[in-house]
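As structure tokens, the structure follows; a few thoughts come after it.
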Amino acid sequence: MSTEEAAVSTVNNFLKNIIEEDLKNGKHGSVITRFPPEPNGYLHIGHAKSICINFGLARDFGGRCHLRFDDTNPAKEEQEYIDSIMESVKWLGFDWGTHLYYASDNFEQLYQWAVYLIEQGKAYVDDLTAEQIRAYRGTLTEAGTESPFRNRTVAENIDLFARMRSGEFPDGSHVLRAKIDMAAPNINLRDPVLYRILNAPHPHVGDAWKIYPMYDFAHGQTDAIEGITHSICTLEFESHKPLYEWFLDNLPIPVRPRQYEFARLNLTYTVMSKRKLQELVQKGTVSGWDDPRMPTLAGIRRRGYPAASVRTFCELIGVGRSDSWIDVAILEECVRSELNETAPRAMAVLRPVKLIVDNYPVGQVEEFSAANHPQKPEMGSRTLHFSREIWIERDDFMETPSKGFHRLTVGGEVKLRGGYIITCTGVVKDADGVIVELHGTYDPASRDGIHTADGRKVKGVIHWVAVDSAVSAEVRLFDRLFSDPNPDRGGADYSQFLNAASVEIVSDAQLEASLAHSTAETRFQFERLGYFYQDPTDSRQESLVFNRIVTLRDAWVTKK
RNA sequence: AGGGGCGUCGCCAAGCGGUAAGGCACCGGAUUUUGAUUCCGGCAUUCACAGGUUCGAUCCCUGUCGCCCCUGCCA
């Protein structure tokens, strides 16, 4: 399981207060929560919030958290999703130990409870079509009407339900419904469907069943079976709570899990619904569920976000009940602060232009030692090569500098990070006026600081890579998938807000030699550019591919 | 009057009758061989609005306004 330690949280929220109270007054001896995904898609950052809440609460109060697949609808569920979900939860740093469960493991018990309800006269088999059931349900402001099949005898219901189970009827021909109240103001209580016929193989229980319980009939009871004390879900399930409790009240179940709801995570510049994410995948807008631009945990992981930064984010945003939109910038800030501490520094030139140091001896190579982290000597150092020709960033030179620009200009000087101070002496352009190379001279006495021989202080420091030992690589510069902060807003077609520049492939970046044999899992800070991570699926020793995780903050860009 | 929920700084969010925490963002300034990091300082006389109770209300009551969820044989 994961080796990462999720730290105990110290921030307060209403769920903690409830649990603290329940523990203090003896309502519960310990806390048991659960994370109950349906395996019908990949987990996303919104699920991370739920995972952190559920596993976090269990951790903070010395209880436990179950991983439970809410697999009651085989029409949408697949083993691929089950696998990916377990992967993602583990990656996030949480451990369910031996407590892996499937709602489908309880199908026999659930069936018996359904029979019990029938025997009590509290459930009946309905022959109405789906459309008829909808029409009979009424509207938000008008009561529904009772099904003509509502008053079948217990014996008839038992018989019909057994035959539904045995596969005697086609899909959609019958359902089992609870007999509650067709006039209930809460529509969920208007004789909700308990079971439907589905002749579909199930990823976990195979073809054992022809009928499957609905979420409402499975969730609370499964919570009870597992001994869940606090069943935490998102706000949209709040109107289901009376039903959740109705089943617990009307079935011979001794324990009482309690449902609590919190506001789901909304993040700016992305979409979060499984349907939309699936659409992005199916339409080929992104390369897959794990496309590094996706808000899925698989995508975030592939992009290079450290799991710890996602946990920090979930901790930081808190838990409440009001609809909220969190700015992705906060997530990005969590990533930066984690990586600033942990990422070794290196140099890479994304858009190289050659700088020839005319007064440096042809063929000479020097080796400089450079710290892997400016504030952490314990992270060691690596060797940099310097020679007559070096690559520098095209953006770090301006022929006619804008106000405040303090990098290279003709006649100006700049410090090469970890190297010499360089003075630019000339520009060579091709017929189209495009700069093909720069010329300059170096000051041999300037290795140790940013002060020139005559005591002046050089303002600009730029990154560079020696041409001879440089390693060429592909670098993928990812940006936000959408250009609008709320691509979902107003039911508009979110695809119109896709950011056309959400990925830029730089095919010939030049990296410092030390990166050639770097560990694939290491996240680097390419100085002055951002944090980068070898793409886990496409990068090869002989053809490196780096993903940009996130840029560095840039006060210069912000100011401009 | 269908039912349920929510409204505290630009974005989140503590607070639970005793006189507005914190984070992010933003604005200053210092340090810095990353225009990074770090560090200091600033940033709600006010808690959707209007009444009421109280010595005292963001917290209690009433009303108004705004937003979200619910009419799947999805979860």
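Chain identifiers are assigned alphabetically (A, B, ...) following the order of the sequence lines, protein sequences preceding nucleic acid strands; residue numbering begins at 1 within each chain.
Here the straight-line distance linking atom CD of A/Glu393 with atom CG of A/Leu350 works out to 5.5 Å at 0.5 Å rounding.
Of the residues listed (A/Arg345, A/Arg382, A/Arg417), the one engaging A/Glu512 in a salt bridge (Lys or Arg N to Asp or Glu O under 4.0 Å) is A/Arg382, and it is the only one. When A/Ile53, A/Asn54, A/Thr33 are each tested for a side chain to side chain contact (heavy atoms under 4.5 Å, CB included) with A/Leu15, only one passes: A/Ile53.
The side chain of A/Arg196 approaches B/A75 more closely than any other nucleotide in the set B/U33, B/U34, B/A75. Considering only the side chain of A/Lys415, B/U33 comes nearest among B/U33, B/U34, B/A14. Relative to the side chain of A/Arg417, the nucleotides B/C73, B/G35, B/U33 differ in distance, and B/U33 lies closest. Listed nucleotides B/G23, B/C73, B/U33 differ in distance to A/Ile450; the shortest reach to its side chain belongs to B/U33. Comparing atom distances between the A/Ser322 side chain and each of B/C6, B/G35, B/C74 picks out B/C6 as nearest. Here the side chain of A/Glu238 is nearest to one of B/A75, B/U34, B/G4, namely B/G4.
If you check every strand for non-hydrogen atoms under 4.0 Å, A/Leu128 touches a base. Among the heavy atoms of the strands, none lies under 4.0 Å from A/Asp126. As judged by a 4.0 angstrom heavy-atom cut-off over every strand, A/Phe405 is placed among the base-contacting residues. At the heavy-atom level, A/His406 lies under 4.0 Å from base atoms of the strands shown.
Few gaps surround NZ on A/Lys376; more than 12 heavy atoms of other groups in view lie less than 6.0 Å from it. Residue A/Arg264 places its CZ atom among 12 or fewer non-hydrogen atoms of other residues, nucleotides or ligands, all under 6.0 Å distant.
For A/Thr72 and B/A75, the shortest distance from a side-chain N or O to OP1 or OP2 is below 4.0 Å. Contact check, A/Arg553 against B/A25: a side-chain N or O comes under 4.0 Å of OP1 or OP2. The shortest distance between the side-chain N/O atoms of A/Arg321 and the OP1/OP2 oxygens of B/C6 is below 4.0 Å. Put simply, A/Asn17 has a side-chain N or O that comes within less than 4.0 Å of OP1 or OP2 on B/G15. Taking only side-chain nitrogens and oxygens, A/Arg177 never comes nearer than 4.0 Å to OP1 or OP2 of B/C73. A close approach under 4.0 Å does not occur between any side-chain nitrogen or oxygen of A/Arg264 and OP1 or OP2 of B/A75.
With contacts defined as side-chain heavy-atom distances shorter than 4.5 Å, the pair A/Ile187/A/Arg190 qualifies.
Taking the P atoms as reference points, B/A30 lies 48 Å from B/C6, given to the whole Å. Across the P atoms, B/U54 and B/C59 are found 16 Å apart, a figure rounded to whole Å. Comparing the C1' positions of B/G5 and B/C9 gives a spacing of 24 Å, expressed to the nearest Å. The same atom, C1', is picked in B/A44 and in B/G23; the two are 16 Å apart, to the nearest Å.
Neither side chain, A/Tyr101 nor A/Asn106, offers a donor N or O lying under 3.5 Å from an acceptor on the other. Side-chain contact of A/Glu527 with A/Gln525: a donor-acceptor pair under 3.5 Å is absent, judged by distance alone.
In this pair, A/Tyr111 and A/Trp209 present their aromatic rings tilted. The plane angle is within the 30 to 60° band. Ring orientation note: the planes of A/Phe526 and A/Phe532 are close to parallel, at an angle under 30° on the 30°/60° scale.
Side-chain atoms of A/Glu142 do not come within 3.5 Å of backbone N or O of A/Thr139 as any donor-acceptor pair.
Distance A/Leu15 CG to B/C16 P: 18 Å, rounded to the nearest Å. Residue A/Glu413 contributes atom CD, which lies 14 Å from atom C1' of B/U33 at whole-angstrom precision. Residue A/His451 contributes atom NE2, which lies 11 Å from atom C1' of B/U32 at whole-angstrom precision. Note: OH (A/Tyr124) to P (B/C73) measures 12 Å, nearest angstrom. Computed from coordinates, the A/Leu316 CG to B/A21 P distance equals 19 Å when rounded to whole Å. Here B/G35 presents its P atom at 13 Å from CG of A/Leu408, a figure rounded to the nearest Å.
In this pair, A/Trp556 lays its aromatic ring flat on the base of B/G35, centres within 5.5 Å and planes under 30 degrees apart.
B/G4 adopts an anti glycosidic conformation, its chi angle falling more than 90° from 0.
Residue whose closest nucleotide on RNA chain B sits further toward the 5' end, between A/Pro37 and A/Ile330: A/Ile330. Along RNA chain B, the nucleotide nearest to A/Lys49 and the one nearest to A/Ile133 differ in position, and the one closer to the 5' end is contacted by A/Lys49.
Within residues 368-378 of chain A, the residues that have a heavy atom under 4.0 Å from RNA chain B are, in order of number, A/Pro374, A/Gln375.
Qualifying ring-ring contact (aromatic ring centres under 6.0 Å, His included) partners for A/Phe405, counting only residues two or more places apart in sequence or in other chains: none. Every residue two or more places apart in sequence or in another chain that forms a salt bridge (charged side-chain N to carboxylate O under 4.0 Å, His left out) with A/Asp223 is listed here: A/Arg34, A/Arg68.
Residue A/Glu341 places no side-chain atom within donor-acceptor reach of the base of B/U37, judged by atom type and a 3.5 Å distance cut-off alone.
Among residue pairs with one or both ends in residues 177-198 of chain A, those qualifying as ring pair (Phe, Tyr, Trp, His ring centres under 6.0 Å) are A/Phe161-A/Tyr195, A/Tyr195-A/Phe217; sequence neighbours excluded.
In RNA chain B, the stems built from three or more successive Watson-Crick or G-U pairs (distances below 3.5 Å) are B:2-7 with B:65-70, B:10-12 with B:22-24, B:26-30 with B:38-42, B:48-52 with B:60-64.
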Scoring nucleotides 67-72 of chain B by protein non-hydrogen atoms under 4.0 Å (B base, S sugar-phosphate only, - none) yields -SSBBS

